[in-house]
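To start, the structure itself, in structure tokens.
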2 protein chains.
Amino acid sequence: MAMSIRLINRNTDYAVRALCYMARKKEGLTSVPELVKSLRIPRPFLRKILQVLHNKELLISQKGAGGGFKLAREPKKISLLEVVKVFQGPIKLSECVLQKEACPNKKNCFLRRRLGTIEQFINIQLKPITIEGMIHGN
Amino acid sequence: MAMSIRLINRNTDYAVRALCYMARKKEGLTSVPELVKSLRIPRPFLRKILQVLHNKELLISQKGAGGGFKLAREPKKISLLEVVKVFQGPIKLSECVLQKEACPNKKNCFLRRRLGTIEQFINIQLKPITIEGMIHGN
DNA sequence: GACAAATGATACCATTGTGGTATCATTATG
DNA sequence: CATAATGATACCACAATGGTATCATTTGTC
Ligand code: FES
Ligand code: FES
């Protein structure tokens, strides 16, 4: 029945774990087989995720034998929020459920304002979390 | 592609609108036909929603000709959070994505703590919102 | 009591999002 | 040139969401 709300989904989670792994390594390329062995993520799914991260310019890739991926930036410059956005879109709670349909008093809707506040808070909380922070557990 | 996170879904929205309508009326029963005309919610869907609200004891129902629904409590004693819970379950962000799988350091996971904070904030923000408040726009 | 008007219960359906798989093309190394 | 890797893309299964349909039951009115 009723599911509870989820802020982080599997895509994001896997992506973060992969990014953390690479951050810990610091140097050199990391291949999919290596990640699969360490992180226990289904191989084809992981590949898709890494490709997305590559397209979004969070990873640099090297094709061919001995190839793999590495972080496109320093770990402290990759924020969790960014990863969330890639896989789940921006955090927008205040978008009224009735998108197109006219909402009586959209301008000064009480609920809307509250949701806006919450949205802002979530962003503030998540913004300072970086891959660097995650691997040092703070 | 990536959808943005939604805190309030259609069920909840419709439910709240129906509850507000009844709150505004103050007295007497409200029938499904009446609600359909005023709120433009698909009739069978609205019926299902009202039945849920009835089962969860947020509405009192009267069967038979001239029957309908009315609020089971004063509007100021029905919180939005309660309605959200009915249709979407509790707001639990901190449930790690990997439910069963062991999460390395679940105890002092940084992300987990942050999500806990956010979860708490959302609850604090939503708790004081009641049907009474919604119909007076504050 | 018959009938109409309402809810109760429940089963079903369509669309979409999420999580996951498979396949073939391309590129780089040795 | 063989091999090992990524790039691109299409596909699939399951579940959640949003919505429909149907029949049973209750109640008021004539
Ligand atoms: S509920 Fe739509 S703007 Fe308030
Ligand atoms: S990510 Fe699972 S507990 Fe932190």
Side-chain angles (χ1 to χ4, degrees), chain A residues 1-15 17-18 22 28-37 39-57 59-70 72 84 86-89 97-101, chain B residues 1-15 17-18 22 28-37 39-57 59-70 72 84 86-89 97-101:
Chain A
M1 222 201 77
M3 269 308 298
S4 55
I5 290 129
R6 202 175 291 174
L7 196 51
I8 309 281
N9 71 8
R10 266 194 137 77
N11 278 298
T12 306
D13 183 88
Y14 285 167
R17 287 204 272 161
M22 291 185 235
L29 297 168
T30 308
S31 70
V32 169
E34 184 180 344
L35 284 170
V36 166
K37 221 187 301 176
L39 304 179
R40 300 225 184 111
I41 298 171
R43 186 194 181 105
F45 195 28
L46 175 61
R47 287 200 53 196
K48 197 167 68 173
I49 290 168
L50 294 179
Q51 274 178 37
V52 172
L53 289 174
H54 175 237
N55 288 332
K56 297 289 179 178
E57 291 172 334
L59 288 179
I60 291 169
S61 77
Q62 169 84 30
K63 284 171 89 172
F69 297 88
K70 65 174 186 176
V84 169
V86 165
F87 292 102
Q88 308 172 232
V97 202
L98 334 150
Q99 311 280 51
K100 37 201 154 186
E101 298 157 74
Chain B
M1 223 199 80
M3 267 310 297
S4 55
I5 291 127
R6 202 174 293 174
L7 195 52
I8 309 281
N9 71 10
R10 268 194 136 75
N11 279 297
T12 306
D13 184 88
Y14 286 168
R17 287 205 272 160
M22 291 185 235
L29 297 169
T30 308
S31 69
V32 169
E34 182 180 346
L35 284 170
V36 166
K37 221 186 301 175
L39 304 178
R40 301 228 182 107
I41 298 171
R43 186 194 181 106
F45 195 28
L46 174 61
R47 288 201 53 196
K48 197 166 67 172
I49 290 167
L50 294 179
Q51 274 177 38
V52 172
L53 290 174
H54 175 237
N55 287 331
K56 298 289 179 180
E57 291 173 333
L59 288 179
I60 291 169
S61 76
Q62 169 83 31
K63 284 172 89 171
F69 297 88
K70 66 174 187 178
V84 169
V86 165
F87 291 103
Q88 307 171 233
V97 201
L98 335 149
Q99 311 281 53
K100 37 201 155 187
E101 298 156 73

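With rounding to the nearest 0.5 angstrom, the CZ atom of A:Arg6 is 11.0 Å from the OG1 atom of A:Thr12. Atoms CG and CG, from A:Asn55 and A:Leu50 in turn, are 11.0 Å apart once rounded to the nearest 0.5 Å. Atoms OH and CD1, from B:Tyr14 and B:Ile8 in turn, are 14.5 Å apart once rounded to the nearest 0.5 Å. Note that the CZ atom of A:Arg10 and the CZ atom of A:Arg17 stand 8.0 Å from one another [nearest 0.5 Å].
Phosphate contact (OP1/OP2 of C:dT7, side-chain N/O of B:His54, threshold under 4.0 Å): absent. Residue B:Arg6 places none of its side-chain N or O atoms closer than 4.0 Å to OP1 or OP2 of C:dT16. The shortest distance between the side-chain N/O atoms of A:Tyr14 and the OP1/OP2 oxygens of C:dG20 is below 4.0 Å. Not one side-chain nitrogen or oxygen of B:Asn11 sits closer than 4.0 Å to the OP1 or OP2 atom of D:dA16. Residue B:Asn9 places no side-chain N or O under 4.0 Å from the OP1 or OP2 atom of D:dA16. The phosphate of C:dG8 (OP1 or OP2) has a side-chain N or O of B:Ser61 nearer than 4.0 angstrom.
The terminal axes of the helix from C:dG1-D:dC30 to C:dG30-D:dC1, fitted over 5 pairs per end, subtend an angle of 10° to the nearest 10°.
Checked against side-chain contact (heavy atoms from CB on, under 4.5 Å), B:Ser61 has the following partners two or more places apart in sequence or in another chain: B:His54, B:Phe69. Looking at residues two or more places apart in sequence or on another chain, you find no side chain to side chain donor-acceptor pair (under 3.5 Å) involving A:Gln51. Annotation: side chain to side chain donor-acceptor pair (under 3.5 Å) contacts of A:Gln62 (sequence neighbours excluded): none. Remark: A:Lys63 engages no residue in a side-chain contact (heavy atoms from CB on, under 4.5 Å) (not counting sequence neighbours).
One interatomic measurement links the two molecules: CD of B:Gln62 to C1' of D:dT25, which rounds to 13 Å at whole-angstrom precision. The nearest whole Å value for the distance from the CG atom in B:Leu50 to the P atom in C:dG8 is 9 Å. Straight-line distance from the CD atom of B:Glu57 to the P atom of C:dG8: 13 Å, rounded to whole Å. Across the protein-nucleic acid pair, B:Ile5 atom CD1 and C:dG17 atom C1' stand 13 Å apart, rounded to whole Å. Remark: P of C:dA9 and NZ of B:Lys56 are 13 Å apart, rounded to the nearest angstrom. The distance from atom NZ of B:Lys37 to atom P of C:dA5 is 13 Å, rounded to the nearest whole Å. Rounded to an integer number of Å, the gap from CG of A:Leu29 to P of C:dT27 is 18 Å. Between A:Asn55 atom CG and D:dG7 atom C1' there is a gap of 8 Å when expressed in whole angstrom units.
Under the 3.5 Å distance criterion, the side-chain polar atoms of B:Gln88 are matched with a main-chain donor or acceptor of B:Leu7.
If you check every strand for non-hydrogen atoms under 4.0 Å, B:Gly64 touches a base.
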Tabulate atom names and distances for all N/O pairs under 3.5 angstrom spanning the protein and nucleotides 20-22 of chain D.
none

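Considering only heavy atoms from C-beta on, B:Leu35 stays 4.5 Å or farther from B:Arg43 through its side chain.
Set against C:dA4, C:dT7, D:dG7, the side chain of B:Ala65 has C:dA4 as its closest nucleotide. Residue B:Phe69 places its side chain closer to C:dT7 than to any other of C:dG19, C:dT7, D:dG19.
Each of A:Pro33 and B:Lys63 lies near DNA chain D, and the nucleotide nearest A:Pro33 is the one positioned closer to the 5' end.
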